[in-house]
Amino acid sequence: SALRSGRRGREFESLHPDYNIMAQNHSFDIVSEIDLQEADNAVNQATKEIHQRYDLKDSNTSLDLNKKEKNIIINTRDDYSLKASIDILQTKFIRRGISIKALKLNEPEQTSGGRIKQKIDLQSGISKENTKKITAIIKDSKLKVNAQIQDEQVRVQGAKIDDLQSIIAIIRESDFDFPTQFVNLK
């Protein structure tokens with residue numbers, strides 16, 4: 001245009017080198033996070049339902065969420081109560097929009113008085129092995145994108161938004177044993 005033609009234009013371009021360049025790289029992050037407030041709400045709703053159900057009233061079941069250690073501990077009377085409590089908890093997680101892949105069930109253990117205790121870990125963050133699996137899937141797609149591992153997440157960069165959306169679809173179709181979310185799409 002008129003401003004960029006001639007001497008003034010060259011001065012303008014030398015002062016603003018990024019003026020002609022539009023955003024060439026788009027990016028997003030693949031993460032595995034859990035909203036602890038929603039998890040707390042799900043645990044409270046499950047506890048309420050367990051105490052109201054006729055077949056579980058006398059089981060004296062307790063569900064405790066430890067937000068610091070990111071786990072839930074179920075303490076109950078017998079195996080039936082434990083399975084029913086886990087089923088109720090998973091239903092409440094789904095209703096609150098939290099993937100049940102975030103729940104990692106440990107082996108139940110016997111406690112004093114013949115009761116059963118089970119610890120459920122809440123998976124948050126993507127492990128090193130899983131980040132490597134994700135980057136391998138992205139590289140196998142043969143799309144022109146770049147994947148970088150950053151701590152417990154994977155950043156995907158590409159020139160075309162369509163390529164990034166294709167990567168999102170590919171990752172969603174891959175059946176991982178942990179939940180994935182896509183954030184910071186730029």
- Query: Taking the side chain as C-beta and beyond, is there a heavy-atom pair between Val154 and Thr135 under 4.5 Å?
  - Reply: yes
- Electrostatic pair Lys160-Asp162, nearest N-O below 4.0 angstrom: no
- Distance from Glu173 atom CD to Ile168 atom CD1, nearest 0.5 Å? 12.5 Å
- State whether the number of non-hydrogen atoms from other residues, nucleotides or ligands found under 6.0 Å of Asp58 atom CG is greater than 12. no
- Query: Are Asp163 and Ser166 close enough that a side-chain donor and a side-chain acceptor fall under 3.5 Å?
  - Reply: no
- Would you say the side-chain atoms of Lys101 pair up with the backbone N or O of Phe176, donor to acceptor, closer than 3.5 Å? yes
- Using a 4.5 Å cut-off on heavy atoms from C-beta on, say whether the side chain of Leu82 contacts that of Pro108. yes
- Query: Do any pairs count as a salt bridge (charged side-chain N to carboxylate O under 4.0 Å, His left out) and have a residue in residues 134-149, sequence neighbours left out, and if so which ones?
  - Reply: none
- Please report the C-alpha distance between Lys83 and Asp87 in whole Å, then the side-chain angles of each, then the deciding distance to 0.1 Å, and finally whether the side chain to side chain contact (heavy atoms under 4.5 Å, CB included) criterion is met. CA-CA 6 Å; Lys83 286 182 179 159; Asp87 186 46; over 6 Å; no
- Take Lys186 and His26 through the side chain to side chain contact (heavy atoms under 4.5 Å, CB included) test and state the conclusion after the steps. CA-CA 5 Å; Lys186 298 175 189 168; His26 303 285; 5.9 Å; no
- Item | From CD1 (Ile134) to CD1 (Ile126), nearest 0.5 Å | 4.0 Å
- Query: Applying the 4.5 Å side-chain criterion to the ILVMFWY set and letting contacts propagate, would Ile72 and Leu36 be lumped into a single cluster?
  - Reply: yes
- Query: Is it true that Ile98 and Phe182 fall in one hydrophobic cluster, defined by side-chain heavy atoms closer than 4.5 Å?
  - Reply: no
- Distance (rounded to the nearest 0.5 Å) between Leu164 CG and Leu143 CG: 9.0 Å
- Query: Sub-3.5 Å donor-acceptor pair from the side chain of Asp121 to the main-chain atoms of Asn71, do we have one?
  - Reply: no
Report, one line per pair, each donor and acceptor closer than 3.5 Å where one atom sits in a side chain of residues 44-51; sequence neighbours left out.
from	atom 1	to	atom 2	distance (Å)
Asn44	ND2	Asp40	O	3.3
Thr47	OG1	Val43	O	2.8
Glu49	OE1	Lys92	NZ	3.0

- Note on the structure: Taken to the nearest 0.5 Å, the spacing of Leu103 CG from Gln123 CD works out to 8.5 Å
- State yes or no: do Val145 and Ile161 share one hydrophobic cluster built from I, L, V, M, F, W and Y residues joined by side-chain heavy-atom distances below 4.5 Å, directly or via other members? no
- Test side chain to side chain contact (heavy atoms under 4.5 Å, CB included) applied to Ile170 and Ile138, step by step: CA-CA 8 Å; Ile170 290 167; Ile138 291 169; over 6 Å; no
- Steps toward side chain to side chain contact (heavy atoms under 4.5 Å, CB included) verdict (Ile167, Ser141): CA-CA 8 Å; Ile167 294 295; Ser141 72; 3.5 Å; yes
- Residue pairs involving residues 30-39 (criterion side-chain hydrogen bond (donor to acceptor under 3.5 Å, both in side chains); sequence neighbours excluded): Gln37-Asn41, Glu38-Arg96
- Answer with yes or no whether the hydrophobic clustering places Ile30 together with Ile34; edges join I, L, V, M, F, W, Y residues whose side-chain heavy atoms lie under 4.5 Å apart. no
- Task: Check whether any side-chain heavy atom of Gln148 lies under 4.5 Å from a side-chain heavy atom of Gln157, and answer yes or no.
- Result: yes
- Query: Considering only heavy atoms from C-beta outward, does the side chain of Asn130 approach that of Phe178 to under 4.5 Å?
  - Reply: yes
- Taking atom OG1 of Thr91 and atom CD1 of Ile100, what is their separation to the nearest 0.5 Å? 8.5 Å
- Task: Count the heavy atoms of every other residue, nucleotide or ligand shown that sit under 6.0 Å from NZ of Lys67, and state whether that count exceeds 12.
- Result: yes
- Query: Is there a path of hydrophobic side-chain contacts, each under 4.5 Å between heavy atoms of I, L, V, M, F, W or Y residues, that connects Ile149 with Val156?
  - Reply: no
- Okay, side chain of Asp29, backbone of Val31: is any donor-acceptor separation there less than 3.5 Å? no
- Message: Nearest 0.5 angstrom please: Leu65 CG to Ile73 CD1, how far?
- Response: 10.0 Å
- Query: How about Arg115 and Asn75: does a side-chain donor come under 3.5 Å of a side-chain acceptor?
  - Reply: yes
- Note on the structure: What one should report as the nearest heavy-atom pair of Ser85 and Thr61 is OG-CG2, 3.5 Å
